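Worth saying up front: this structure is predicted, and the values here are computed from it rather than measured. In what follows, chains are A, B, ... by sequence order, proteins preceding strands, each numbered from 1.
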Protein chains: 2
Amino acid sequence: MHQQTIENYLKTIYHLSDGNSFVVTNKDLADRLHVIPATVTEAVKKLHQLKLVEYEKSYGTRLTSQGIKQALNIVRRHRIWETYLAQELGFGWDEVHELAEELEHIKSDKLVQKLAKKIGNPAYDPHGDPIPDEKGRFQKPEFKKLADAKVGRTYTLSGVADHSAAFLKFLDRYKMKIGTTIKVVEIENFDGSMLTVCNSKEVRLSLQVVSNLLVR
Amino acid sequence: MHQQTIENYLKTIYHLSDGNSFVVTNKDLADRLHVIPATVTEAVKKLHQLKLVEYEKSYGTRLTSQGIKQALNIVRRHRIWETYLAQELGFGWDEVHELAEELEHIKSDKLVQKLAKKIGNPAYDPHGDPIPDEKGRFQKPEFKKLADAKVGRTYTLSGVADHSAAFLKFLDRYKMKIGTTIKVVEIENFDGSMLTVCNSKEVRLSLQVVSNLLVR
DNA sequence: AAAATTATTTTGGTCTGCCAAAAATAATAA
DNA sequence: TTATTATTTTTGGCAGACCAAAATAATTTT
Ligand SMILES: [Mn+2]
Ligand SMILES: [Mn+2]
Ligand SMILES: [Mn+2]
Ligand SMILES: [Mn+2]
């Protein structure tokens with residue numbers, strides 16, 4: 001099995017199982033990886049032989065501890081690259097994911113280590129996602145959706161649930177980024193939209209938007 | 001054909017034809033790419049269909065202008081990465097080639113452009129090889145082998161003919177790098193070795209070594 | 001000019017990652 | 001508890017990148 005294929009499967013299983021080792025379904029994997037379920041069946045069998053996943057047929061797949069370890073390493077690489085590209089080379093947070101998707105497969109721990117050092121071993125990537133350290137450790141931040149926030153309170157934007165370039169560019173237009181404070185002025189309970197104050201301006205944000213903004 | 005395969009073939013053809021469009025032999029390609037000649041036969045046929053090479057059977061292969069263009073772009077990427085890794089991330093000149101061999105395939109001109117800018121759009125890579133610009137232009141420096149140098153003269157190390165880590169580390173031990181001046185004190189015509197002065201020290205260099213040192 | 005050597009191409013396979021369609025299993029709705 | 005629907009697995013195939021061995025062609029030696 002090609003290393004790159006393995007890595008993409010492991011990372012995807014990891015994300016679908018929400019970081020923990022919940023069982024992941026073949027169809028979900030197929031959808032995320034843009035292949036058909038039959039392809040996934042074959043792949044997870046091979047991953048099983050490599051002892052990277054536990055696999056019970058017709059039930060699902062979960063990472064073994066070995067699998068988690070590798071998955072975390074790839075996640076680390078991905079997020080280190082994203083952060084590096086943004087901080088060191090001036091890429092926008094809407095551009096870094098696609099590039100990191102390729103760069104994460106470059107096989108050199110030394111390189112990742114140097115990149116990380118250069119940007120000061122950050123704990124979070126440009127989207128607010130935590131970066132595992134060399135040993136895979138990280139504390140997951142306690143976010144909540146802005147959609148679940150209370151009127152009158154002020155929050156700090158700390159993450160995004162939607163990583164699409166479209167959404168991130170939308171946020172750019174409102175100068176919203178990780179760290180921006182958002183005050184909830186009023187919630188329209190007809191459509192769930194929120195009136196907020198953001199960069200000293202009043203902005204109305206749709207339910208779509210506020211449920212993809214993660215705040216603290 | 002996989003893009004990466006194409007790129008590796010084009011780059012190798014380019015190097016084997018010494019930058020110009022000399023005809024390259026199947027066997028030479030096979031040796032450099034670590035495949036057997038039969039594989040090359042298949043590959044060059046496909047490259048021909050893609051109009052990237054001219055190919056006359058049982059004669060050889062040469063890059064078309066389209067092929068040269070692409071080859072130069074890959075060479076550019078490779079050398080930009082090498083320089084970036086060395087200058088910006090502190091990798092040794094003996095380490096950068098292997099990494100660049102992977103990184104050169106990341107498909108983003110914007111990335112390469114940013115890397116290049118960060119290191120000041122250099123004209124030469126850490127081994128003294130010229131870096132083509134975005135349009136593929138570069139002037140090839142006029143090197144000569146130290147082996148062909150004259151007694152009593154002083155030269156500047158400007159390139160290396162052998163890019164192996166072993167050779168580069170050897171040079172490191174003598175603190176020789178691009179820019180170091182070398183004075184030829186004496187040539188032993190029994191074995192072709194040279195007595196030189198290098199970093200204010202007398203050093204005897206074997207024929208092997210002096211024929212891989214390119215000087216100006 | 002033969003003979004011997006070397007290079008190239010052809011032919012028949014393997015392996016990997018994928019898909020389409022059919023068959024087998026769940027899971028859900030009626 | 002049947003149907004109906006959704007998911008998973010099996011089966012048979014395809015394309016790409018490769019190789020081994022045999023068949024050709026070119027080059028070099030004698
Ligand atoms: Mn990403
Ligand atoms: Mn991210
Ligand atoms: Mn190199
Ligand atoms: Mn180089």
Side-chain angles (χ1 to χ4, degrees), chain A residues 1-18 21-63 67 70-71 74 101-102 104-105 107, chain B residues 1-18 21-63 67 70-71 74 101-102 104-105 107:
Chain A
M1 236 182 152
H2 290 160
Q3 184 61 19
Q4 201 156 317
T5 309
I6 295 176
E7 289 180 358
N8 285 332
Y9 270 90
L10 292 181
K11 199 179 55 158
T12 307
I13 296 169
Y14 177 82
H15 286 314
L16 284 175
S17 63
D18 197 33
S21 53
F22 292 137
V23 163
V24 164
T25 197
N26 266 6
K27 172 149 197 308
D28 286 352
L29 271 173
D31 289 347
R32 290 287 187 101
L33 291 166
H34 306 290
V35 294
I36 70 174
T39 304
V40 174
T41 304
E42 284 179 342
V44 293
K45 277 181 189 168
K46 287 177 201 155
L47 290 173
H48 176 69
Q49 291 188 319
L50 295 171
K51 297 193 199 301
L52 293 171
V53 305
E54 288 162 29
Y55 162 63
E56 271 183 79
K57 72 190 269 180
S58 283
Y59 171 62
T61 303
R62 74 160 39 144
L63 295 171
Q70 278 204 39
I74 302 154
E101 210 54 50
E102 287 188 65
E104 68 189 359
H105 301 292
K107 47 183 182 312
Chain B
M1 237 181 150
H2 291 160
Q3 184 61 20
Q4 199 153 322
T5 310
I6 294 176
E7 290 180 359
N8 285 331
Y9 271 89
L10 292 181
K11 199 179 55 160
T12 308
I13 295 168
Y14 177 82
H15 286 314
L16 284 175
S17 62
D18 198 31
S21 55
F22 292 137
V23 163
V24 164
T25 199
N26 267 4
K27 174 151 196 309
D28 286 351
L29 271 174
D31 289 346
R32 289 287 187 100
L33 291 166
H34 305 293
V35 294
I36 68 173
T39 303
V40 173
T41 304
E42 285 178 343
V44 294
K45 277 181 187 167
K46 288 177 200 155
L47 290 173
H48 176 69
Q49 290 187 320
L50 294 171
K51 298 192 198 304
L52 294 170
V53 305
E54 288 163 29
Y55 162 65
E56 271 183 78
K57 73 188 273 180
S58 283
Y59 171 63
T61 302
R62 73 159 42 142
L63 294 171
Q70 277 203 204
I74 303 154
E101 209 55 49
E102 288 188 65
E104 68 190 359
H105 300 292
K107 47 183 181 314

TODO: Report which part of the nucleic acid B:Thr39 touches: base, sugar-phosphate, or nothing (heavy-atom distance under 4.0 Å, all strands).
DONE: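 The answer is base, as B:Thr39 lies within the cut-off (heavy atoms under 4.0 Å) of a base atom.
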To the nearest Å, how far apart are [X] [atom1] and [N] [atom2]?
{"X": "B:Lys46", "N": "D:dG16", "atom1": "NZ", "atom2": "P", "value": "6 Å"}
{"X": "B:Glu7", "N": "D:dG16", "atom1": "CD", "atom2": "P", "value": "17 Å"}
{"X": "A:Leu29", "N": "D:dT9", "atom1": "CG", "atom2": "P", "value": "11 Å"}
{"X": "B:Ile36", "N": "C:dG12", "atom1": "CD1", "atom2": "C1'", "value": "12 Å"}
{"X": "B:Asn8", "N": "D:dG16", "atom1": "CG", "atom2": "C1'", "value": "15 Å"}
{"X": "B:Lys27", "N": "D:dA25", "atom1": "NZ", "atom2": "C1'", "value": "17 Å"}

Open item on the list: So that I can tick it off, tell me whether B:Asp28 and B:Arg32 are bridged by a salt bridge, with the cut-off set at under 4.0 angstrom between side-chain N and carboxylate O.
Closed with: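 Salt bridge: no.
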Below 4.0 angstrom from OP1 or OP2 of [N], is there any side-chain N or O of [X]?
{"X": "B:Lys57", "N": "D:dA25", "value": "no"}
{"X": "B:Lys45", "N": "C:dT9", "value": "no"}
{"X": "B:Tyr55", "N": "C:dT9", "value": "yes"}
{"X": "A:Thr25", "N": "D:dT8", "value": "yes"}
{"X": "B:Thr5", "N": "D:dA17", "value": "yes"}

